[in-house]
Amino acid sequence: MDKLPIKMKAVDLNAWFSGKQALSKINMDVYSNKVTAVIGPSGCGKSTFVRNLNRLHETIPGATVEGAVFLDEENIFKPRYDLVDLRRRVGMVFQKPTPFPTMSIYENAAAGIKLAGRVPRPVVDQAVETALKQAALWNEVKDCLDKPGIGLSGGQQQRLCIARTLAVRPEVILLDEPCSALDPISTGKIEELIHELKKEYAIVIVTHNMQQAARVADFTGFFLLGELVEFDVTGKIFTAPRDKRTEDYVTGRFG
Amino acid sequence: MIREIKERCFLAAVFFSAALAVLPLIAVLGYVFVKGIGALDLNFFTQLPAPVGDPGGGMANAMVGTFILVGIACLVGLPVGIFGGIWLAQYGSGKRGFIIRYSADVLSSLPSIVIGIFAYVLIVATMKRFSAIAGGFALGIIMIPVVTRTTEEMVKMVPRTLYEAGLALGLPEWRVSLQIVFRTAWNGIFTGVILAVARIMGETAPLIFTAFNTMYWNLRIDQPMASMTVQIYNYAISPFSQWQAKAWAGSLTLVFIILMVTLVVRKYSKRVYYG
(Lines give C-alpha, C1' and ligand atoms only; values in the text may rest on other atoms or scores of the structure.)
Protein backbone atom coordinates (compact mmCIF):
# COMPACT_ATOMS: atom_id res chain seq x y z
CA MET A 1 0.00 0.00 0.00
CA ASP A 2 2.86 2.37 0.74
CA LYS A 3 4.67 1.58 -2.47
CA LEU A 4 1.71 2.08 -4.84
CA PRO A 5 1.81 5.18 -7.05
CA ILE A 6 -0.47 7.84 -5.58
CA LYS A 7 -2.68 9.62 -8.11
CA MET A 8 -4.61 11.88 -5.76
CA LYS A 9 -4.06 12.73 -2.13
CA ALA A 10 -6.38 14.58 0.23
CA VAL A 11 -4.64 16.35 3.10
CA ASP A 12 -6.62 17.70 6.07
CA LEU A 13 -9.61 18.33 3.86
CA ASN A 14 -12.54 20.14 5.52
CA ALA A 15 -15.78 21.10 3.79
CA TRP A 16 -18.90 22.98 4.83
CA PHE A 17 -22.40 23.63 3.55
CA SER A 18 -23.45 27.12 4.69
CA GLY A 19 -21.34 26.81 7.83
CA LYS A 20 -22.40 23.23 8.61
CA GLN A 21 -19.39 20.96 8.54
CA ALA A 22 -19.70 18.07 6.10
CA LEU A 23 -16.10 16.81 6.07
CA SER A 24 -13.54 17.06 8.84
CA LYS A 25 -9.83 16.49 8.41
CA ILE A 26 -9.94 13.90 5.68
CA ASN A 27 -6.59 12.36 4.76
CA MET A 28 -6.91 9.77 2.05
CA ASP A 29 -5.05 8.54 -1.01
CA VAL A 30 -6.28 7.42 -4.41
CA TYR A 31 -3.94 5.06 -6.21
CA SER A 32 -3.29 4.76 -9.93
CA ASN A 33 -4.92 1.76 -11.62
CA LYS A 34 -6.83 0.84 -8.50
CA VAL A 35 -10.48 1.13 -7.54
CA THR A 36 -11.07 2.98 -4.30
CA ALA A 37 -14.52 2.64 -2.75
CA VAL A 38 -16.01 5.19 -0.40
CA ILE A 39 -18.70 3.71 1.84
CA GLY A 40 -20.77 4.92 4.75
CA PRO A 41 -24.35 5.75 5.75
CA SER A 42 -26.34 8.53 4.06
CA GLY A 43 -25.14 12.02 4.89
CA CYS A 44 -21.70 10.87 6.06
CA GLY A 45 -19.90 13.07 3.53
CA LYS A 46 -18.83 10.48 0.97
CA SER A 47 -20.35 12.36 -1.97
CA THR A 48 -18.99 15.63 -0.65
CA PHE A 49 -15.56 14.04 -0.52
CA VAL A 50 -15.49 12.98 -4.16
CA ARG A 51 -17.09 16.25 -5.25
CA ASN A 52 -14.04 17.98 -3.80
CA LEU A 53 -11.70 15.89 -5.94
CA ASN A 54 -12.93 17.79 -9.02
CA ARG A 55 -13.90 20.92 -7.07
CA LEU A 56 -17.59 20.62 -7.86
CA HIS A 57 -18.54 20.98 -4.20
CA GLU A 58 -17.72 24.68 -4.08
CA THR A 59 -20.03 25.46 -7.04
CA ILE A 60 -23.00 25.07 -4.68
CA PRO A 61 -23.97 28.44 -3.16
CA GLY A 62 -22.76 28.60 0.44
CA ALA A 63 -20.35 25.67 0.15
CA THR A 64 -16.78 26.19 1.35
CA VAL A 65 -13.57 24.13 1.57
CA GLU A 66 -10.28 24.14 3.46
CA GLY A 67 -7.23 21.92 3.15
CA ALA A 68 -5.51 20.44 0.15
CA VAL A 69 -5.98 17.83 -2.53
CA PHE A 70 -3.02 16.86 -4.64
CA LEU A 71 -3.30 15.57 -8.20
CA ASP A 72 0.09 14.31 -9.31
CA GLU A 73 1.69 16.30 -6.49
CA GLU A 74 0.08 19.58 -7.47
CA ASN A 75 -2.45 21.13 -5.08
CA ILE A 76 -5.73 21.59 -6.94
CA PHE A 77 -6.85 24.21 -4.40
CA LYS A 78 -3.92 26.50 -5.02
CA PRO A 79 -4.90 29.94 -6.34
CA ARG A 80 -5.66 30.22 -10.08
CA TYR A 81 -5.56 26.47 -10.59
CA ASP A 82 -7.21 25.79 -13.96
CA LEU A 83 -10.60 24.22 -13.12
CA VAL A 84 -11.40 23.38 -16.73
CA ASP A 85 -8.15 21.43 -16.98
CA LEU A 86 -8.77 19.77 -13.59
CA ARG A 87 -12.21 18.55 -14.62
CA ARG A 88 -10.90 17.21 -17.92
CA ARG A 89 -8.32 15.18 -15.97
CA VAL A 90 -10.73 14.12 -13.23
CA GLY A 91 -14.00 12.99 -14.82
CA MET A 92 -17.20 12.28 -12.95
CA VAL A 93 -20.33 10.15 -13.37
CA PHE A 94 -23.35 10.99 -11.25
CA GLN A 95 -25.90 9.00 -9.30
CA LYS A 96 -28.78 9.71 -11.66
CA PRO A 97 -27.94 9.27 -15.34
CA THR A 98 -27.58 12.79 -16.79
CA PRO A 99 -27.55 12.60 -20.58
CA PHE A 100 -28.10 16.06 -22.06
CA PRO A 101 -31.77 15.98 -23.09
CA THR A 102 -31.40 18.07 -26.25
CA MET A 103 -28.58 15.95 -27.64
CA SER A 104 -28.46 12.70 -29.57
CA ILE A 105 -26.45 9.71 -28.40
CA TYR A 106 -23.58 10.81 -30.62
CA GLU A 107 -23.71 14.43 -29.45
CA ASN A 108 -23.84 13.30 -25.83
CA ALA A 109 -20.77 11.14 -26.21
CA ALA A 110 -19.02 13.96 -28.07
CA ALA A 111 -20.18 16.76 -25.77
CA GLY A 112 -16.96 17.06 -23.82
CA ILE A 113 -14.79 17.12 -26.94
CA LYS A 114 -16.93 19.20 -29.25
CA LEU A 115 -18.00 21.89 -26.84
CA ALA A 116 -14.41 22.38 -25.76
CA GLY A 117 -13.24 23.67 -29.12
CA ARG A 118 -12.95 22.94 -32.82
CA VAL A 119 -12.01 19.35 -33.46
CA PRO A 120 -12.12 17.76 -36.94
CA ARG A 121 -15.11 15.51 -37.48
CA PRO A 122 -13.16 12.25 -38.08
CA VAL A 123 -11.32 12.76 -34.79
CA VAL A 124 -14.61 13.24 -32.96
CA ASP A 125 -16.10 10.19 -34.69
CA GLN A 126 -13.13 8.10 -33.62
CA ALA A 127 -13.25 9.36 -30.03
CA VAL A 128 -17.00 8.70 -29.80
CA GLU A 129 -16.63 5.17 -31.11
CA THR A 130 -13.72 4.38 -28.81
CA ALA A 131 -15.51 5.80 -25.78
CA LEU A 132 -18.76 3.96 -26.52
CA LYS A 133 -16.81 0.71 -27.00
CA GLN A 134 -14.96 1.25 -23.73
CA ALA A 135 -18.28 1.85 -22.01
CA ALA A 136 -19.62 -1.41 -23.53
CA LEU A 137 -22.43 0.48 -25.24
CA TRP A 138 -21.25 0.55 -28.85
CA ASN A 139 -22.98 -2.64 -30.00
CA GLU A 140 -26.30 -1.48 -28.60
CA VAL A 141 -26.29 2.02 -30.07
CA LYS A 142 -24.07 1.96 -33.17
CA ASP A 143 -27.12 1.93 -35.48
CA CYS A 144 -29.02 4.72 -33.74
CA LEU A 145 -26.38 7.30 -32.85
CA ASP A 146 -28.65 10.13 -33.95
CA LYS A 147 -31.51 9.14 -31.60
CA PRO A 148 -31.98 11.20 -28.43
CA GLY A 149 -29.80 10.11 -25.52
CA ILE A 150 -32.69 10.13 -23.09
CA GLY A 151 -34.52 7.53 -25.18
CA LEU A 152 -32.15 4.86 -23.86
CA SER A 153 -32.85 2.69 -20.82
CA GLY A 154 -31.53 3.82 -17.45
CA GLY A 155 -28.56 1.43 -17.57
CA GLN A 156 -27.70 2.46 -21.12
CA GLN A 157 -28.00 6.13 -20.18
CA GLN A 158 -25.54 5.61 -17.37
CA ARG A 159 -23.08 3.86 -19.68
CA LEU A 160 -23.56 6.75 -22.13
CA CYS A 161 -22.58 9.11 -19.32
CA ILE A 162 -19.52 6.97 -18.62
CA ALA A 163 -18.66 7.07 -22.34
CA ARG A 164 -19.08 10.84 -22.33
CA THR A 165 -16.62 11.05 -19.46
CA LEU A 166 -14.15 8.63 -21.07
CA ALA A 167 -14.22 10.51 -24.40
CA VAL A 168 -12.43 13.43 -22.76
CA ARG A 169 -9.63 10.96 -21.83
CA PRO A 170 -9.39 11.75 -18.10
CA GLU A 171 -6.84 10.28 -15.70
CA VAL A 172 -9.15 9.76 -12.75
CA ILE A 173 -12.83 8.76 -12.84
CA LEU A 174 -15.15 9.59 -9.96
CA LEU A 175 -18.30 7.48 -9.79
CA ASP A 176 -20.87 8.88 -7.39
CA GLU A 177 -23.22 5.97 -6.63
CA PRO A 178 -23.36 5.12 -10.33
CA CYS A 179 -25.60 2.08 -9.87
CA SER A 180 -28.08 3.22 -7.27
CA ALA A 181 -30.72 4.01 -9.90
CA LEU A 182 -30.11 0.82 -11.89
CA ASP A 183 -31.37 -2.76 -11.90
CA PRO A 184 -29.03 -5.68 -11.03
CA ILE A 185 -28.26 -6.55 -14.67
CA SER A 186 -27.23 -3.00 -15.53
CA THR A 187 -25.33 -2.85 -12.26
CA GLY A 188 -23.44 -6.02 -13.22
CA LYS A 189 -22.49 -4.51 -16.57
CA ILE A 190 -21.16 -1.36 -14.95
CA GLU A 191 -19.18 -3.34 -12.41
CA GLU A 192 -17.56 -5.37 -15.20
CA LEU A 193 -16.78 -2.08 -16.86
CA ILE A 194 -15.09 -0.78 -13.72
CA HIS A 195 -12.82 -3.86 -13.75
CA GLU A 196 -11.84 -3.07 -17.33
CA LEU A 197 -11.38 0.65 -16.76
CA LYS A 198 -9.02 0.38 -13.85
CA LYS A 199 -6.34 -0.90 -16.24
CA GLU A 200 -6.11 2.66 -17.52
CA TYR A 201 -7.57 4.93 -14.88
CA ALA A 202 -7.61 5.61 -11.18
CA ILE A 203 -11.20 5.08 -10.06
CA VAL A 204 -13.07 6.33 -7.01
CA ILE A 205 -16.54 4.90 -6.46
CA VAL A 206 -19.03 6.07 -3.87
CA THR A 207 -21.47 3.33 -3.00
CA HIS A 208 -24.24 2.54 -0.56
CA ASN A 209 -23.93 -1.08 -1.39
CA MET A 210 -21.28 -2.88 0.63
CA GLN A 211 -21.35 -5.99 -1.55
CA GLN A 212 -20.56 -3.74 -4.47
CA ALA A 213 -17.59 -2.24 -2.66
CA ALA A 214 -16.38 -5.73 -1.81
CA ARG A 215 -16.77 -6.85 -5.42
CA VAL A 216 -15.12 -3.98 -7.26
CA ALA A 217 -12.79 -2.12 -4.94
CA ASP A 218 -9.13 -2.67 -4.12
CA PHE A 219 -9.25 -0.14 -1.31
CA THR A 220 -12.13 1.04 0.82
CA GLY A 221 -12.60 4.07 3.01
CA PHE A 222 -15.37 4.12 5.60
CA PHE A 223 -16.89 7.55 6.29
CA LEU A 224 -19.05 8.40 9.28
CA LEU A 225 -20.39 11.84 10.22
CA GLY A 226 -17.92 13.59 7.96
CA GLU A 227 -14.88 11.71 9.21
CA LEU A 228 -12.80 9.05 7.54
CA VAL A 229 -13.00 6.34 10.18
CA GLU A 230 -10.88 3.76 8.45
CA PHE A 231 -9.08 3.33 5.15
CA ASP A 232 -7.51 0.05 4.12
CA VAL A 233 -7.38 -2.78 1.62
CA THR A 234 -10.98 -3.78 0.92
CA GLY A 235 -10.53 -7.30 2.29
CA LYS A 236 -9.32 -5.94 5.61
CA ILE A 237 -12.19 -3.47 5.95
CA PHE A 238 -14.72 -6.24 5.51
CA THR A 239 -13.02 -9.07 7.40
CA ALA A 240 -10.74 -7.51 9.98
CA PRO A 241 -11.61 -3.86 10.58
CA ARG A 242 -9.56 -2.10 13.23
CA ASP A 243 -12.29 0.27 14.32
CA LYS A 244 -15.39 -0.88 16.20
CA ARG A 245 -17.59 1.55 14.20
CA THR A 246 -16.41 0.07 10.90
CA GLU A 247 -17.14 -3.41 12.17
CA ASP A 248 -20.63 -2.38 13.28
CA TYR A 249 -21.33 -0.84 9.89
CA VAL A 250 -20.00 -3.62 7.64
CA THR A 251 -21.75 -6.29 9.69
CA GLY A 252 -25.01 -4.38 9.39
CA ARG A 253 -25.41 -3.43 13.03
CA PHE A 254 -26.23 0.14 12.04
CA GLY A 255 -26.49 2.29 8.97
CA MET B 1 -79.62 7.72 -1.64
CA ILE B 2 -79.31 11.26 -0.29
CA ARG B 3 -75.58 11.08 -0.89
CA GLU B 4 -76.11 10.07 -4.49
CA ILE B 5 -78.45 13.01 -5.07
CA LYS B 6 -75.92 15.35 -3.52
CA GLU B 7 -73.23 13.94 -5.74
CA ARG B 8 -75.32 14.39 -8.86
CA CYS B 9 -76.24 17.95 -7.90
CA PHE B 10 -72.63 18.79 -7.29
CA LEU B 11 -71.52 17.26 -10.59
CA ALA B 12 -74.23 19.16 -12.42
CA ALA B 13 -73.15 22.42 -10.77
CA VAL B 14 -69.52 21.86 -11.70
CA PHE B 15 -70.39 20.97 -15.27
CA PHE B 16 -72.67 23.99 -15.57
CA SER B 17 -69.93 26.33 -14.30
CA ALA B 18 -67.40 24.86 -16.71
CA ALA B 19 -69.83 25.28 -19.60
CA LEU B 20 -70.51 28.85 -18.52
CA ALA B 21 -66.77 29.57 -18.58
CA VAL B 22 -66.37 28.29 -22.13
CA LEU B 23 -69.56 29.89 -23.42
CA PRO B 24 -68.24 33.46 -23.85
CA LEU B 25 -65.27 32.17 -25.84
CA ILE B 26 -67.48 30.18 -28.17
CA ALA B 27 -69.94 33.07 -28.44
CA VAL B 28 -67.23 35.61 -29.29
CA LEU B 29 -65.52 33.33 -31.79
CA GLY B 30 -68.85 32.39 -33.36
CA TYR B 31 -70.03 36.01 -33.59
CA VAL B 32 -66.75 37.23 -35.08
CA PHE B 33 -66.87 34.37 -37.57
CA VAL B 34 -70.45 34.99 -38.67
CA LYS B 35 -70.02 38.76 -38.98
CA GLY B 36 -66.55 38.61 -40.51
CA ILE B 37 -66.74 35.83 -43.05
CA GLY B 38 -69.08 37.81 -45.32
CA ALA B 39 -66.59 40.63 -45.92
CA LEU B 40 -63.61 38.35 -46.44
CA ASP B 41 -62.41 37.91 -49.99
CA LEU B 42 -59.13 37.85 -51.83
CA ASN B 43 -59.12 41.64 -52.14
CA PHE B 44 -59.11 41.93 -48.40
CA PHE B 45 -55.68 40.32 -48.26
CA THR B 46 -54.16 42.04 -51.28
CA GLN B 47 -55.54 45.58 -51.52
CA LEU B 48 -55.16 48.88 -49.74
CA PRO B 49 -58.09 50.34 -47.81
CA ALA B 50 -60.66 51.87 -50.16
CA PRO B 51 -62.47 55.14 -49.52
CA VAL B 52 -66.08 54.98 -48.39
CA GLY B 53 -68.37 54.19 -51.28
CA ASP B 54 -65.73 52.51 -53.42
CA PRO B 55 -66.20 48.77 -53.61
CA GLY B 56 -63.41 46.35 -52.65
CA GLY B 57 -60.44 47.45 -50.66
CA GLY B 58 -58.59 45.48 -48.05
CA MET B 59 -56.15 45.50 -45.20
CA ALA B 60 -53.00 44.25 -46.90
CA ASN B 61 -50.90 47.18 -45.68
CA ALA B 62 -52.13 46.69 -42.11
CA MET B 63 -51.30 42.99 -42.14
CA VAL B 64 -47.78 43.65 -43.34
CA GLY B 65 -47.57 46.51 -40.83
CA THR B 66 -48.55 44.25 -37.94
CA PHE B 67 -45.80 41.79 -38.85
CA ILE B 68 -43.21 44.56 -39.15
CA LEU B 69 -44.27 46.04 -35.80
CA VAL B 70 -44.07 42.62 -34.16
CA GLY B 71 -40.64 42.16 -35.72
CA ILE B 72 -39.38 45.44 -34.25
CA ALA B 73 -40.93 44.50 -30.92
CA CYS B 74 -39.00 41.22 -30.96
CA LEU B 75 -35.75 43.04 -31.66
CA VAL B 76 -36.40 45.21 -28.60
CA GLY B 77 -38.05 42.70 -26.28
CA LEU B 78 -36.30 39.38 -26.91
CA PRO B 79 -32.66 40.22 -26.12
CA VAL B 80 -33.59 42.11 -22.96
CA GLY B 81 -36.18 39.52 -21.92
CA ILE B 82 -34.08 36.43 -22.58
CA PHE B 83 -30.81 37.71 -21.10
CA GLY B 84 -32.72 39.19 -18.16
CA GLY B 85 -34.42 35.86 -17.56
CA ILE B 86 -31.15 33.95 -17.68
CA TRP B 87 -29.61 36.41 -15.24
CA LEU B 88 -32.57 36.11 -12.86
CA ALA B 89 -32.45 32.31 -12.95
CA GLN B 90 -28.73 32.02 -12.34
CA TYR B 91 -27.75 35.01 -10.24
CA GLY B 92 -31.06 36.51 -9.17
CA SER B 93 -31.46 34.95 -5.74
CA GLY B 94 -30.42 38.08 -3.82
CA LYS B 95 -31.91 41.51 -3.28
CA ARG B 96 -31.14 42.77 -6.78
CA GLY B 97 -32.91 39.75 -8.22
CA PHE B 98 -35.93 40.47 -6.06
CA ILE B 99 -36.09 44.08 -7.26
CA ILE B 100 -35.82 43.10 -10.92
CA ARG B 101 -38.39 40.34 -10.57
CA TYR B 102 -40.75 42.71 -8.80
CA SER B 103 -40.24 45.39 -11.48
CA ALA B 104 -41.02 42.86 -14.19
CA ASP B 105 -44.25 41.93 -12.43
CA VAL B 106 -45.24 45.58 -12.07
CA LEU B 107 -44.37 46.24 -15.71
CA SER B 108 -46.49 43.33 -16.89
CA SER B 109 -49.49 44.65 -14.96
CA LEU B 110 -49.21 48.20 -16.32
CA PRO B 111 -52.04 49.16 -18.68
CA SER B 112 -50.63 48.96 -22.20
CA ILE B 113 -51.79 52.50 -22.99
CA VAL B 114 -49.41 53.79 -20.32
CA ILE B 115 -46.56 52.08 -22.14
CA GLY B 116 -47.85 53.74 -25.32
CA ILE B 117 -47.58 57.15 -23.65
CA PHE B 118 -44.07 56.28 -22.54
CA ALA B 119 -43.07 55.45 -26.12
CA TYR B 120 -44.81 58.63 -27.29
CA VAL B 121 -42.83 60.84 -24.94
CA LEU B 122 -39.56 59.03 -25.56
CA ILE B 123 -39.65 58.53 -29.33
CA VAL B 124 -42.58 60.27 -31.02
CA ALA B 125 -41.97 63.56 -29.21
CA THR B 126 -38.23 63.49 -29.97
CA MET B 127 -38.58 62.41 -33.61
CA LYS B 128 -41.52 64.78 -33.99
CA ARG B 129 -43.52 62.21 -35.94
CA PHE B 130 -45.38 58.96 -35.51
CA SER B 131 -43.34 55.94 -36.59
CA ALA B 132 -43.21 52.18 -36.71
CA ILE B 133 -40.14 52.38 -34.48
CA ALA B 134 -42.17 53.97 -31.71
CA GLY B 135 -44.96 51.40 -32.09
CA GLY B 136 -42.58 48.45 -32.17
CA PHE B 137 -40.73 49.86 -29.18
CA ALA B 138 -43.95 50.11 -27.17
CA LEU B 139 -44.87 46.51 -28.06
CA GLY B 140 -41.33 45.39 -27.23
CA ILE B 141 -41.61 46.90 -23.74
CA ILE B 142 -44.82 44.92 -23.24
CA MET B 143 -43.00 41.74 -24.28
CA ILE B 144 -40.07 42.18 -21.90
CA PRO B 145 -41.66 41.07 -18.60
CA VAL B 146 -43.48 38.14 -20.21
CA VAL B 147 -40.32 36.84 -21.87
CA THR B 148 -38.18 37.51 -18.79
CA ARG B 149 -40.38 35.52 -16.45
CA THR B 150 -40.89 32.59 -18.85
CA THR B 151 -37.15 32.41 -19.53
CA GLU B 152 -36.43 32.47 -15.81
CA GLU B 153 -38.96 29.68 -15.09
CA MET B 154 -37.69 27.52 -17.94
CA VAL B 155 -34.02 27.93 -17.07
CA LYS B 156 -34.81 27.14 -13.44
CA MET B 157 -36.58 23.96 -14.52
CA VAL B 158 -33.39 22.58 -15.99
CA PRO B 159 -32.08 20.24 -13.28
CA ARG B 160 -28.88 21.33 -11.54
CA THR B 161 -27.43 17.89 -12.28
CA LEU B 162 -27.17 18.85 -15.97
CA TYR B 163 -25.25 22.00 -15.06
CA GLU B 164 -22.91 19.96 -12.86
CA ALA B 165 -22.53 17.26 -15.51
CA GLY B 166 -21.40 19.94 -17.97
CA LEU B 167 -18.90 21.38 -15.52
CA ALA B 168 -17.64 17.89 -14.67
CA LEU B 169 -16.85 17.35 -18.36
CA GLY B 170 -14.42 20.22 -18.14
CA LEU B 171 -16.52 22.74 -20.02
CA PRO B 172 -16.10 26.43 -19.20
CA GLU B 173 -19.02 27.85 -17.24
CA TRP B 174 -20.33 30.10 -20.02
CA ARG B 175 -20.49 27.15 -22.40
CA VAL B 176 -22.40 25.11 -19.84
CA SER B 177 -24.87 28.00 -19.35
CA LEU B 178 -25.35 28.58 -23.04
CA GLN B 179 -24.97 25.21 -24.71
CA ILE B 180 -26.42 22.94 -22.07
CA VAL B 181 -28.69 24.85 -19.69
CA PHE B 182 -30.06 27.40 -22.16
CA ARG B 183 -30.33 24.89 -24.96
CA THR B 184 -32.29 22.54 -22.72
CA ALA B 185 -34.60 25.36 -21.68
CA TRP B 186 -34.97 26.71 -25.22
CA ASN B 187 -38.13 24.77 -26.19
CA GLY B 188 -39.96 26.20 -23.22
CA ILE B 189 -38.58 29.69 -23.77
CA PHE B 190 -39.64 29.54 -27.41
CA THR B 191 -43.18 28.71 -26.32
CA GLY B 192 -43.17 31.76 -24.05
CA VAL B 193 -41.82 33.96 -26.82
CA ILE B 194 -44.53 32.90 -29.26
CA LEU B 195 -47.25 33.44 -26.66
CA ALA B 196 -45.84 36.91 -26.01
CA VAL B 197 -45.93 37.59 -29.76
CA ALA B 198 -49.55 36.44 -29.89
CA ARG B 199 -50.33 38.82 -27.08
CA ILE B 200 -48.75 41.93 -28.58
CA MET B 201 -50.32 41.21 -31.97
CA GLY B 202 -53.66 41.96 -30.39
CA GLU B 203 -52.60 45.25 -28.76
CA THR B 204 -54.25 48.44 -29.96
CA ALA B 205 -53.83 51.06 -27.27
CA PRO B 206 -50.02 51.39 -27.37
CA LEU B 207 -50.11 51.81 -31.16
CA ILE B 208 -52.75 54.55 -31.49
CA PHE B 209 -50.33 57.39 -30.79
CA THR B 210 -47.04 55.71 -31.65
CA ALA B 211 -47.26 53.85 -34.96
CA PHE B 212 -50.47 55.73 -35.66
CA ASN B 213 -52.00 54.52 -38.93
CA THR B 214 -51.88 55.02 -42.67
CA MET B 215 -54.11 54.10 -45.54
CA TYR B 216 -51.16 53.62 -47.87
CA TRP B 217 -48.29 51.22 -48.34
CA ASN B 218 -45.39 52.04 -46.08
CA LEU B 219 -42.37 49.91 -45.37
CA ARG B 220 -40.28 52.69 -43.84
CA ILE B 221 -40.00 52.24 -40.13
CA ASP B 222 -39.47 55.95 -39.43
CA GLN B 223 -42.93 56.69 -40.85
CA PRO B 224 -46.42 56.02 -39.49
CA MET B 225 -47.41 52.42 -40.09
CA ALA B 226 -50.78 50.70 -40.31
CA SER B 227 -51.56 47.76 -38.07
CA MET B 228 -54.53 45.41 -38.09
CA THR B 229 -55.68 46.38 -34.61
CA VAL B 230 -55.64 50.14 -35.18
CA GLN B 231 -57.26 49.67 -38.58
CA ILE B 232 -60.00 47.55 -37.01
CA TYR B 233 -60.48 50.22 -34.37
CA ASN B 234 -60.77 53.01 -36.95
CA TYR B 235 -63.18 51.02 -39.07
CA ALA B 236 -65.25 49.90 -36.12
CA ILE B 237 -65.89 53.43 -34.79
CA SER B 238 -66.68 54.77 -38.27
CA PRO B 239 -70.35 55.39 -39.13
CA PHE B 240 -70.16 53.51 -42.45
CA SER B 241 -71.52 49.98 -42.63
CA GLN B 242 -69.02 49.11 -45.39
CA TRP B 243 -66.11 49.95 -43.09
CA GLN B 244 -67.74 48.24 -40.12
CA ALA B 245 -67.94 45.06 -42.17
CA LYS B 246 -64.21 45.40 -42.88
CA ALA B 247 -63.60 45.71 -39.16
CA TRP B 248 -65.32 42.37 -38.61
CA ALA B 249 -63.32 40.77 -41.38
CA GLY B 250 -60.12 42.15 -39.88
CA SER B 251 -61.09 40.84 -36.44
CA LEU B 252 -61.74 37.41 -37.86
CA THR B 253 -58.36 37.38 -39.61
CA LEU B 254 -56.52 38.54 -36.50
CA VAL B 255 -58.30 36.06 -34.23
CA PHE B 256 -57.52 33.30 -36.71
CA ILE B 257 -53.81 34.19 -36.86
CA ILE B 258 -53.48 34.38 -33.08
CA LEU B 259 -55.47 31.19 -32.58
CA MET B 260 -53.29 29.33 -35.06
CA VAL B 261 -50.09 30.60 -33.46
CA THR B 262 -51.32 29.56 -30.02
CA LEU B 263 -52.50 26.13 -31.16
CA VAL B 264 -49.29 25.35 -33.01
CA VAL B 265 -47.28 26.37 -29.96
CA ARG B 266 -49.39 24.27 -27.59
CA LYS B 267 -48.87 21.24 -29.78
CA TYR B 268 -45.18 21.95 -30.17
CA SER B 269 -44.59 22.66 -26.50
CA LYS B 270 -45.91 19.24 -25.47
CA ARG B 271 -42.73 17.78 -26.85
CA VAL B 272 -40.63 19.59 -24.30
CA TYR B 273 -38.93 17.00 -22.18
CA TYR B 274 -36.49 17.03 -19.32
CA GLY B 275 -34.12 14.25 -18.32
Side-chain angles (χ1 to χ4, degrees), chain A residues 47 50-51 53-62 82-103 107-117 148-152 154 157 160-161 163-176 181, chain B residues 82 85-98 100-101 150-193 265 268-275:
Chain A
S47 282
V50 296
R51 289 167 59 89
L53 300 183
N54 65 351
R55 293 189 55 183
L56 213 50
H57 168 72
E58 67 210 70
T59 64
I60 297 171
D82 184 354
L83 289 183
V84 167
D85 182 60
L86 169 69
R87 290 170 186 152
R88 319 211 112 227
R89 293 173 66 191
V90 183
M92 184 168 192
V93 175
F94 297 83
Q95 178 173 2
K96 224 181 122 218
T98 52
F100 300 128
T102 54
M103 298 186 194
E107 288 171 318
N108 260 289
I113 320 166
K114 266 170 73 174
L115 296 186
I150 58 167
L152 297 171
Q157 285 186 17
L160 179 60
C161 291
R164 186 173 71 187
T165 304
L166 296 176
V168 193
R169 309 225 51 86
E171 297 159 33
V172 182
I173 298 176
L174 311 173
L175 302 162
D176 188 359
Chain B
I82 289 177
I86 293 176
W87 186 87
L88 276 181
Q90 296 197 322
Y91 311 102
S93 53
K95 198 172 178 182
R96 276 182 298 176
F98 173 80
I100 292 176
R101 206 169 283 119
T150 339
T151 305
E152 184 193 358
E153 295 302 318
M154 292 303 146
V155 170
K156 274 188 174 164
M157 264 172 75
V158 177
R160 191 185 150 81
T161 50
L162 285 182
Y163 170 77
E164 290 191 347
L167 284 185
L169 275 179
L171 302 176
E173 198 179 336
W174 67 271
R175 274 189 185 275
V176 177
S177 291
L178 216 64
Q179 287 171 311
I180 292 173
V181 177
F182 181 70
R183 197 172 146 190
T184 306
W186 171 244
N187 276 2
I189 294 171
F190 182 73
T191 307
V193 167
V265 163
Y268 176 82
S269 64
K270 273 190 192 139
R271 294 192 312 196
V272 178
Y273 43 66
Y274 295 102

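Here is how names work: the chains are called A, B, and so on, in the same order as the sequence lines, proteins then strands, and each is numbered from 1. Note that the structure is a prediction, hence the values are computed from the model and not measured.
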Q. Side chains of Met103(A) and Ile180(B): closer than 4.5 Å at any heavy-atom pair?
A. yes
Q) Should Leu162(B) and Phe100(A) count as side-chain neighbours, where that means a heavy-atom distance under 4.5 Å? A) yes
Tell me, for [X] versus chain B, whether the close heavy atoms (under 4.5 Å) come from the side chain, the backbone, both or neither.
X	answer
Arg164(A)	both
Val93(A)	neither
Leu83(A)	neither

Q) Which heavy atom of Phe94(A) sits nearest a heavy atom of Ala165(B), and at what distance? A) CE1-CA, 3.5 Å
**Q.** Contact summary for Val84(A) and Gly170(B), nearest pair of heavy atoms
**A.** CG1-O, 3.1 Å
Q. How long is the span from the CG atom in Leu169(B) to the CG atom in Asn54(A), to the nearest 0.5 Å?
A. 10.5 Å
Q | Distance, nearest 0.5 Å, that separates CG of Leu171(B) from CD1 of Ile113(A) | A | 11.0 Å
Q | Residues forming a ring-ring contact (aromatic ring centres under 6.0 Å, His included) with Tyr163(B), sequence neighbours excluded | A | none
Q: Taking side chain to side chain donor-acceptor pair (under 3.5 Å) as the test, write out the residues that go with Arg160(B), two or more places apart.
A: Thr59(A), Glu164(B)
